[in-house]
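Since the structure is predicted, the reported quantities are computational estimates derived from the model, not experimental observations. Protein chains get the first letters and strands the later ones, always in sequence-line order, with residue 1 at the start of each. Values reported hereafter were calculated over all heavy atoms of this structure, with side chains retained and with hydrogens, waters and symmetry mates removed.
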Amino acid sequence: MKRSMRLALVLWFAVGAAQAAPRFRDVTASSGIDFLHSNGADGHKNYYEVMGSGACLLDADGDGLLDVYLVTCVGSNKLYRNLGGLRFADVTQKSGTGGNTGYGMGAFAADIDNDGDPDLLVTNFGPERLYLNQGGVFREISKQAGVGDPLWSCGATFFDANHDGLLDLYVVNYVHVARPDTVVCKGESGKLRLYCPPKRYPRAQSTYYENRGGARFREATKSAGLSGFEARGLGVGAFDYNRDGWTDLYVANDLDPNWLFKNKGNGTFEEVGMLAGVSHSETGVALSGMGVAASDYDNDGWIDLFVTNYVNEPNTLFHNEGDGFFLDVSAASKLGPMSLPWVGWGTDFFDYDLDGFDDLLVANGHTESDAERVDPTTTYKQRACLCRNRGDGTFEDTTSNDAPALSTPRAGRGVAFGDLDNDGDPDVVLVNQNDRAIVLENAGGTGNHWIGIRTRGTKSNRDGVGARVEVHAGKLHRVREVQAGGSYLSGNDPRILLGLGRSASVDSVVIAWPSGLKETHKGLAVDRYHLLTEGR
Amino acid sequence: MQAARALELRRDQEAYQLLAPAILPTLADTTAARTAQPHEARGLVIFAHACLRTMRTTKGVQATTRAIALDPKDPEARWVRAYLDQRRFRNVAAIASAKEAVRLAPGDPRYQLALGELSLGGGMVGTPDFAQAETALREVLRLQPENGRARFLLGKTLVLSGKHALGEALLDSLLTEDESAEARTLRGLARMRKRDFAGAAEDFHRATLLDPTDSMAWFNASLAFERQGKTDDAAAARAEFERSQQFGEALHPIEVAYHSNSENLDAGLELATQLRRAGHLHQARILLETWALDRPDDPRASIFLSEIAADEGLLEPAQKAARRALEIAPDHPRALVALSNALASSDAQQAVSLARRAVEVAPRAAPAHVALARRLLDSGDAGGALREFQLARQLVPDDESLLGSAGVAMVHAGAWEDAEPLLSAAIAKEGPHSEWLLYRGLAREGMNNTEKAIEDLRSAIEVDPAGMRAYEELARVLRSTNRNAQADSVQREAAKIAKSEEEIHKLKQMLWEDPYNDKPAHHLAKLLREERRPDEASRVLAASLEAVQEP
């Protein structure tokens, strides 16, 4: 072969190889995270076996690296300390987060006492548990804090409902189920025992806790106008949908209309889901809402909503129209039709390629472990979906190219997103039912720029939860709100990480704090994290 | 063969009855199954197709099972079976059958159409495959460019899969010629997505006129109204949405129950009732005719049929069905009421006598008292009528329509001051009602409030442009106030309407006898539109389309 031709071939392969390299690499084996989830299923088909569990990313020891907390139904939840370089060590016993934590569902982190370290809430089939972080060691304070009812809690979110600088808590309760489950369901033949559908179980009332300071909460569901709303609640997100400066709540319910609780600004809420167009699918059906994600996917300045649903139901993308209403754009965005074969759970918006547009990842997996025997067109284990935002209002499935590790079918549930190695791109941790959790490193390499913001409140809550962060870089305008909840049973990196595409500089970063203060920062460098403190 | 020809001519009950005596006894006979010969497959397929069209789902499934076993290469058996499985909500099996039919005969547009339709899914089992649907339906249109059903289904596919601009264009062309609740709702969805809320609201409004139980239309209507700031309309639409959802939740198990075992008469009658409520009169009628034939010992199907025909103003078929019911059960109160209602304008004496008998036989049945009250009113006995209305009200105190009826009786009795508030209350609660408006007008005239009377009579005409009495009374009242030119104009209008009504009645009769001929339907719709009855025109077209597009 001629030398020139050989050179051309080598170059061709090199370019091809570079293009073909996936963005996400499965680094579980080398990470030290050796976590096996278990729901304790023994064939009895207890309904509570279906839902769990989640993951939470938090800097438990304040060393600047995100640690990983993983939840299981049966056995011990685990806390893995981030050692750097995507290596982790099991510090469960030392941290005080081990032991009998209940039949685990989700985990969520937030600084409830404004002392500078994230505290931890674990939801359960049974009372939720609240752990106070005291310098990297956790102490369970559920009873003293006034948190924990015996209901089946799933999703949760911390947010400052009344702008008193303290993070309040909304816990979503699902349905009432006996243990063991006394409701029996069988397939058409009458022989195969199946998990019952959710409508067989009575709905539950979710709980709102007002933070009174000193790591104490007061159950305030009724006084906040949040009682009298019994439903099969699973996921929740907190964000300011109408930009009135007050954080609202969106609850995804399973085969019940989803709710949008508008914060009236006086510590009380009003349900406006149907009015706003976010209660049902566009065909007027109350879907099986599981995971919730809230972010501005089209960079128009308004926070949009994404909800994961069941098989043969489209995952729903609600575009915030900016006038108090949302428009269901699931079909037009392609997200709806592409999701139909799967049961969707954990999800969030994240800009994995840093091109300036928020993408999505959805963990999938059927509820029924014998799914194939009931419906030959589906499976229990399903692949996840990495859905890239094309920047024109539509999304494309890039799983096989950019995250082939996600193509392996699993019974996916919770997903947590965060920059585990502080290299400026979001990594992912997935919890899979009765299977190993997986850690995916975002290998980056797009050449795109980014900026990271860590908010620190002084008058507002210390984490800055509820702060609206706007980044202006030339024609690119990106918006995020600091959140402490969302997805499905999972908690994410509290930092804001925004892709800037090719913009090599940022004109300004504007922060609207929950306290009402609005600040503009100029001259912030790209490709690094910034700690922005309220009032400084 | 004769049955095949009958099926071709859409004489589906006839096709069924020609084959049933030979086939029915063999369906449950395992010996017959073992000894059946391949040539029998054809007859089984025609029989199954007749069963599909006449909603005898269970028998159709049995017949196709036998036919497929005898001749596995017959695509038509698979095709019929696909639709039968769809009826039973077995979507996965339905698609498999349709795919097999296409594989066996890829050039037959019927099978591609079935595959396209069934690929759109529905229900919790079997995922919609929009790509497959689109491919199949485009193939149908390649083979048959004018296939209306394929155009509609392709429009639906495109809208549901997010290609709503293309879908809207297809639905636009369909809706210029025909009418369909579902097409309106889907186009409304496409309009919502491009933020044409006024256009969307109009489509949802028309959809709900055709099918008051269309929850998707009501839901989106509420959103479209909200987006236009019409909060009262939005709230009303939300209330209807909730009602329609409850209806849908109640209907689904009935459909599943019936099509899983279509030998169950009670389930069949319940389904017919719900179909009628949802405006699917054609399907309700087929189901009832099937039951009237299959259970000649039970009067209920014939009674329902009589009521449906009477609702359409077709009194001869209403009488025929009611008489059939009374032959089976001579003192059935509901049959007596049905025949009394059907004879009211042609044989008043017998109508009264039948209604009296109904009250004797069932003194606690409010409809019997109402029927008698109406017959007494017609015969000039206002006092007797009022007594019967009051008895009915005691039996069903929540029925607001009886308020209006009592008001009508009081007008007949000359009690204007008592009648007026009753009729006003009924109208306020139930909305504009031509008869109540007419009688309130007469009451107001009696109270010397002529201007309000004229207003009411004009409103009565607006609600029911075919109501002759309102024209006569309006002309009379106008003349009494020396507005002779206006009175003349009203009378000319009435004469014109009377002539149209004759033709409208003839066309309705033709459609009742042959619902599959869409030419009278289009002609009738045109006439109704000319008579300022666009909602009725839409319903006629939608019903015709539903019938014509059956597989």
Side-chain angles (χ1 to χ4, degrees), chain A residues 187-188 197 199 255-257 272-288 309-314 317-319 321-343 366-368 371 374-379 382 393-395, chain B residues 90-93 95-96 121-131 133-134 157-165 167 185-186 188-190 192-195 197 200 204 214-229 231 234-235 237-238 240-242 244-245 248-249 260:
Chain A
E188 265 185 27
K199 283 191 172 181
L255 296 179
D256 280 321
V272 296
M274 196 156 161
L275 234 115
V278 291
S279 59
H280 296 70
S281 71
E282 66 173 355
T283 54
V285 176
L287 300 179
S288 316
N309 292 303
Y310 199 68
V311 67
N312 299 336
E313 296 178 352
L317 181 62
F318 293 110
H319 179 261
E321 301 278 276
D323 53 0
F325 299 108
F326 290 77
L327 188 70
D328 186 331
V329 294
S330 315
S333 68
K334 310 287 181 223
L335 285 168
M338 81 166 81
S339 70
L340 292 172
W342 305 311
V343 180
H366 212 287
T367 51
E368 176 54 61
V374 177
D375 177 2
T377 66
T378 193
T379 52
Q382 299 173 346
T394 68
F395 289 74
Chain B
R90 297 191 184 193
N91 296 327
V92 174
I95 291 175
M124 299 297 276
V125 176
T127 303
D129 186 338
F130 296 126
E134 188 174 340
T157 304
L158 292 168
V159 170
L160 293 179
S161 62
K163 301 176 191 173
H164 43 269
T185 301
L186 287 163
L189 258 189
M192 285 291 282
R193 291 182 194 165
K194 64 180 196 192
R195 297 165 177 83
F197 301 118
F204 298 133
D214 185 343
S215 60
M216 186 156 94
W218 284 119
F219 173 73
N220 281 287
S222 75
L223 295 180
F225 285 132
E226 284 290 350
R227 298 302 294 269
Q228 296 176 85
T231 49
R238 272 195 294 278
E240 290 297 335
F241 167 61
E242 263 149 46
S244 64
Q245 269 202 314
E249 279 165 20
S260 300

Q: Out of B:Ala234, B:Ser244, B:Ser222, B:Gly162, return the one with the most heavy atom pairs under 4.5 angstrom to chain A.
A: B:Gly162

Q: For the interface with chain A, which of B:Thr231, B:Asn220, B:Leu189, B:Leu223 has the highest count of heavy-atom pairs at distances below 4.5 Å?
A: B:Leu189

Q: Between B:Glu134 and B:Ser161, does any side-chain donor sit less than 3.5 Å from a side-chain acceptor?
A: no

Q: Among the options B:Arg193, B:His164, B:Met192, pick out the one with the most heavy-atom pairs lying under 4.5 Å from chain A.
A: B:Arg193

Q: Using only atom types and a distance under 3.5 Å, with no angle test, would you say the side chain of B:Arg238 pairs donor to acceptor with the backbone of A:Leu275?
A: no

Q: For each of B:Lys163, B:Arg195, B:Arg227, tally heavy-atom pairs with chain A at distances under 4.5 Å, and name the one with the top tally.
A: B:Arg227

Q: Assess the pair A:His319 and A:Phe325: is the distance between their ring centroids shorter than 6.0 Å?
A: no

Q: Heavy-atom distances under 4.5 Å only: say whether A:Ser281 touches chain B with side chain, backbone, both or neither.
A: backbone

Q: Can you say whether the rings of B:Phe219 and A:His280 are parallel (under 30°), tilted (30 to 60°) or perpendicular (over 60°)?
A: tilted

Q: List the atom of A:Leu340, the atom of A:Pro314, and the distance in Å for their closest heavy-atom pair.
A: CD2-N, 3.6 Å

